[in-house]
Amino acid sequence: MDLSLTSDQIAILDALDGMVRPYAAMPIGATGFALTSADLDREIGESGFLDVGRDPDLGAVTAALVVERLARLPFATEAAVSALIGPLLGEGTGGPLCVVDAARLHRPLRFLAPGATVVVLGDAVTSFTAAADQVRAEPESLFAYPMGTLLVDPSTALATRHDISPDHVRTHLRIALAAEAAGLLSAALEVTCTYLADRQQFGRPLATFQALRHRLAEAQVRTNGVRWLALKAAATLDAGDAALALLHAQEAARAVTYDLHQFLGAMGMTLEHPLHLWTYRLKALIGELGGRAEQAAAAADAIWG
Amino acid sequence: MDFTWNAEQVAFRDRLRGVLAANLPDNWEAVAGHGPGSAEITEFSKAFCAMLATEGLLTPHWPKAIGGEGLGPWHQTILAEEMWGHGEPRGAQYMNVNWIGPTLMRYGTPEQQARYLPGISAGSAIWCQGFSEPGSGSDLASLRTRAVRDGDTYRVSGQKIWTSYAGLAETCFLLCRTADDRKKGISILLLPMDTPGITVRQIPSIIGEGDIHELFFDDCVVPAGALFGDEGQAWEIIAFSLTNERLGIPRYHLARAALDRAVSVLKGRGAFVREGVRAEAAKAAALCEAARMASYAIVSRRAGGEAIGAESSSARFATVMAERAVAEFVVEYLPEALADAEPYLKMHHQRGIVAGIAAGAAEIQLNIIATDVLKLPREAR
Ligand SMILES: Cc1cc2nc3c(=O)[nH]c(=O)nc-3n(C[C@H](O)[C@H](O)[C@H](O)COP(=O)(O)OP(=O)(O)OC[C@H]3O[C@@H](n4cnc5c(N)ncnc54)[C@H](O)[C@@H]3O)c2cc1C
């Protein structure tokens with residue numbers, strides 16, 4: 001047991017931080033609900049950071065660390081699924097990856113766009129590349145991800161079948177989403193703390209009021225827990241650990257996002273302040289894979305039978 | 001990052017389990033149900049800890065030079081998990097090996113070390129910790145028990161409260177005021193409990209027998225050699241001690257063990273079926289494991305030789321959340337376990353509420369996180 005970063009992990013995260021530094025802040029004047037950058041997506045894609053999970057010495061833990069870091073950016077970029085599920089699909093599955101549960105097709109899906117690889121979890125795992133006429137963009141979705149709706153029944157699409165079990169993919173997906181949530185929670189908390197340390201009311205910074213401090217501190221505890229459960233699950237790749245990690249992440253997202261907007265007052269309603277770029281991604285993650293009810297059921301099944 | 005126990009750690013845990021299985025009596029669960037401060041466990045702990053000492057399992061995390069095995073924080077964690085997971089047969093002595101011993105090693109005079117360490121490492125010493133007072137709980141630095149230097153002695157007057165194990169302790173690790181300065185006026189005395197002028201009164205409580213007490217000091221005279229560290233050094237010393245204490249009890253492990261036990265009882269009755277019940281159990285398990293990992297992250301840093309700061313408050317608060325979720329699960333779905341039929345569950349239910357109070361209340365941990373982890377400007381006073 002040694003929970004410190006290895007020297008390889010430190011080097012990778014340093015290099016990653018260096019590469020994404022130009023994207024660390026919301027561009028001035030941006031007022032979109034979801035912030036994306038084709039340049040950032042391209043740089044990440046070419047850099048190989050999303051492939052660390054393919055290296056057995058680095059594995060899923062390092063992939064989860066990369067995902068957590070990237071999620072802290074105000075820009076939404078598809079990293080989680082590529083980093084943790086990409087390695088299961090073998091070479092040659094390019095573009096953003098978008099996982100769909102065959103039982104939950106009719107809802108906007110994160111990162112679904114023409115050219116995306118759609119991975120379908122049904123009785124088996126299949127994938128196909130989404131064509132332009134198979135996707136409707138959802139620019140009005142109230143989530144800070146680029147979203148799209150699938151217009152075809154995936155069973156009719158010309159799909160590749162993968163020799164892995166849907167449950168195995170689900171386990172990896174839970175880890176990916178928990179790692180992403182950890183990064184989102186951490187960035188949302190940080191930007192809120194910065195605002196409250198600065199904003200004065202009643203002649204003092206709002207961050208000096210204990211009513212706010214305690215809820216922020218509790219958010220820190222939850223965020224820390226989500227991060228560690230995600231990393232632990234990435235290490236064990238155990239179905240129960242993964243379900244607990246996403247369950248805890250979805251619990252935390254529910255408990256924290258509302259508070260953080262509350263603490264920003266009206267500023268938290270604006271698109272000028274970047275908080276929503278993290279919190280409205282968290283809100284999208286709350287409903288992934290059937291939400292807490294499914295994660296809790298999966299965890300209970302895996303742990304206690 | 002490595003999330004696996006190495007072969008040596010696995011072997012250590014196995015060995016502990018073997019020793020526990022061989023040395024705990026058949027009626028152990030019923031004995032353990034009395035709580036670590038009870039006369040039953042204190043009595044049992046003397047033989048049990050002596051056995052652990054001869055097996056090299058009482059202080060394996062201490063340096064070799066003073067009778068340990070030099071095994072470090074992970075072994076200490078495994079040891080604590082196994083002992084607390086089995087009802088803490090070391091009774092009050094867990095405190096000695098966790099922090100009193102290490103604090104003696106770090107700050108004690110050679111005479112104090114020679115006098116007290118052998119008893120701790122032989123498993124025969126019982127200590128109590130005299131910090132809190134009726135007027136000084138969270139605000140410990142306001143304490144008023146006085147020690148006045150008088151020639152070669154100190155004369156001690158005042159009152160302590162909530163003192164665990166005081167009824168059976170031989171020595172008190174006592175905080176007292178030797179000067180007016182709020183923090184720099186506080187000193188430590190190692191006070192023999194048979195000093196004339198001490199009165200001990202047990203306080204009846206929810207959490208089991210013999211745990212908490214009141215202590216009255218009526219002009220007690222102790223030799224000046226009882227001073228521990230320098231006059232006014234107490235605050236620095238207990239900051240060191242409390243980092244050990246805060247991680248001392250692996251409550252995440254206890255909570256998870258209680259949860260697993262409750263689920264197994266429910267399953268045995270075919271009552272672990274409804275989605276809502278299963279979901280509550282899963283949420284509680286997530287909180288336990290989150291607290292476990294937050295604690296392990298700190299142990300890992302200690303094992304790497306790093307100093308530990310406010311992160312331990314975050315792990316503590318995570319543990320409070322876990323204890324609460326498990327206790328609430330049991331009281332809602334298995335209330336009959338709180339009768340004597342399930343002594344461990346009963347004990348957990350009794351003691352679960354302690355997590356948010358003892359060794360620094362939960363809100364104080366939140367204050368520390370806000371200031372020292374989140375780096376928010378200090379609270380207005
Ligand atoms: C089982 C048990 C064993 C114990 N054993 C010992 C022992 O062996 N030796 C010993 O010295 N002591 C012992 N204690 C005492 C323990 O250290 C104190 O209970 C603890 O420090 C809290 O003090 P208090 O109980 O006076 O609570 P108070 O300080 O009165 O606090 C009451 C409530 O107010 C909150 N509060 C206080 N200050 C603030 C603040 N600034 N901001 C926000 N909220 C605040 C607290 O968090 C708590 O919720 C024990 C306690 C328990 C429960």
Side-chain angles (χ1 to χ4, degrees), chain A residues 1-6 9 61-62 65 189-190 193 196-197 202 204-205 207-210 212-229 231-236 240-241 243-249 251-252 292-293 295-305, chain B residues 1-6 9 74 77 260 263-264 266-267 272 275-283 285-294 296-301 303-304 306 311 313-318 320-321 362-363 365-371 373-381:
Chain A
M1 196 75 76
D2 178 1
L3 305 187
S4 58
L5 297 174
T6 62
Q9 288 167 339
V61 173
T62 311
L65 286 166
L189 180 59
E190 189 181 328
C193 287
L196 292 173
F202 302 97
R204 60 196 234 212
T208 63
F209 286 95
Q210 197 182 64
L212 309 188
R213 297 166 71 79
H214 279 192
R215 277 149 76 186
L216 292 167
E218 223 177 297
Q220 188 279 334
V221 174
R222 290 183 192 273
T223 301
N224 190 41
V226 172
R227 177 173 181 274
W228 280 115
L229 289 186
L231 294 173
K232 157 100 188 287
T236 63
D241 286 345
L244 286 184
L246 186 55
L247 172 59
H248 202 56
E251 283 276 328
R292 293 174 307 148
Q295 278 28 278
D301 291 350
I303 298 170
W304 297 295
Chain B
M1 283 183 174
D2 177 3
F3 289 78
T4 57
W5 300 107
N6 65 30
Q9 291 162 341
W74 285 118
T77 300
D260 286 340
V263 169
S264 106
L266 286 170
K267 279 183 75 173
F272 192 61
E275 294 251 315
V277 179
R278 295 172 66 86
E280 289 303 315
K283 283 183 207 164
L287 288 167
C288 292
E289 296 312 313
R292 181 193 303 277
M293 292 315 302
Y296 283 3
I298 290 164
V299 176
S300 185
R301 292 186 48 187
E306 287 178 63
E311 323 82 81
S313 293
S314 185
R316 270 285 310 277
F317 194 83
V320 173
M321 293 168 81
E363 289 72 20
Q365 311 302 333
L366 293 177
N367 289 346
I368 295 171
I369 296 165
T371 306
V373 180
L374 295 176
K375 309 283 185 213
L376 298 175
R378 280 185 183 279
E379 189 184 323
R381 295 210 186 246

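Labels below follow one simple rule: chain letters A, B, ... track the order of the sequence lines, proteins then strands, and each chain is numbered from 1. Keep in mind that what you see is a predicted model, and the values were worked out from it rather than measured.
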Review item, side-chain donor-acceptor pairs of residues 297-305 of chain A, under 3.5 Å, at least two apart:
from: A/Asp301; atom 1: OD1; to: B/Arg278; atom 2: NH2; distance (Å): 2.7
from: A/Trp304; atom 1: NE1; to: B/Asp260; atom 2: OD1; distance (Å): 2.9

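Using a 4.5 Å cut-off between heavy atoms, A/Leu247 touches chain B through its side chain atoms alone. In this structure, the portions of A/Glu218 lying under 4.5 Å from any heavy atom of chain B include both its backbone and its side chain. When heavy atoms are compared at a cutoff of 4.5 Å, A/Leu196 does not approach chain B at all. Residue contact with chain B, scored on non-hydrogen atoms closer than 4.5 Å, involves the side chain of A/Val61 exclusively. For A/Leu189, the part lying under 4.5 angstrom from a heavy atom of chain B is the side chain only. Interface residue A/Asp2: backbone and side-chain heavy atoms are both found under 4.5 Å from chain B. In this structure, chain A has no heavy atom under 4.5 Å from any part of B/Ala303.
Chain A forms more heavy-atom pairs under 4.5 Å with one residue of B/Met1, B/Met321, B/Met293 than with any other, namely B/Met1.
Remark: side-chain polar atoms of A/Trp228 are not paired, donor with acceptor, to backbone N or O of B/Ala297 under 3.5 angstrom. With A/Arg204 contributing its side chain and B/Glu379 its backbone, the two residues share no donor-acceptor pair below 3.5 Å.
Counting only heavy atoms from C-beta outward, the side chains of B/Glu363 and A/Gln210 never approach each other to under 4.5 Å. A 4.5 Å side-chain heavy-atom check between B/Ser314 and A/Gln220 finds at least one atom pair inside the cut-off.
The side chain to side chain contact (heavy atoms under 4.5 Å, CB included) check on A/Thr6 picks up A/Asp8, A/Gln9, with sequence neighbours excluded.
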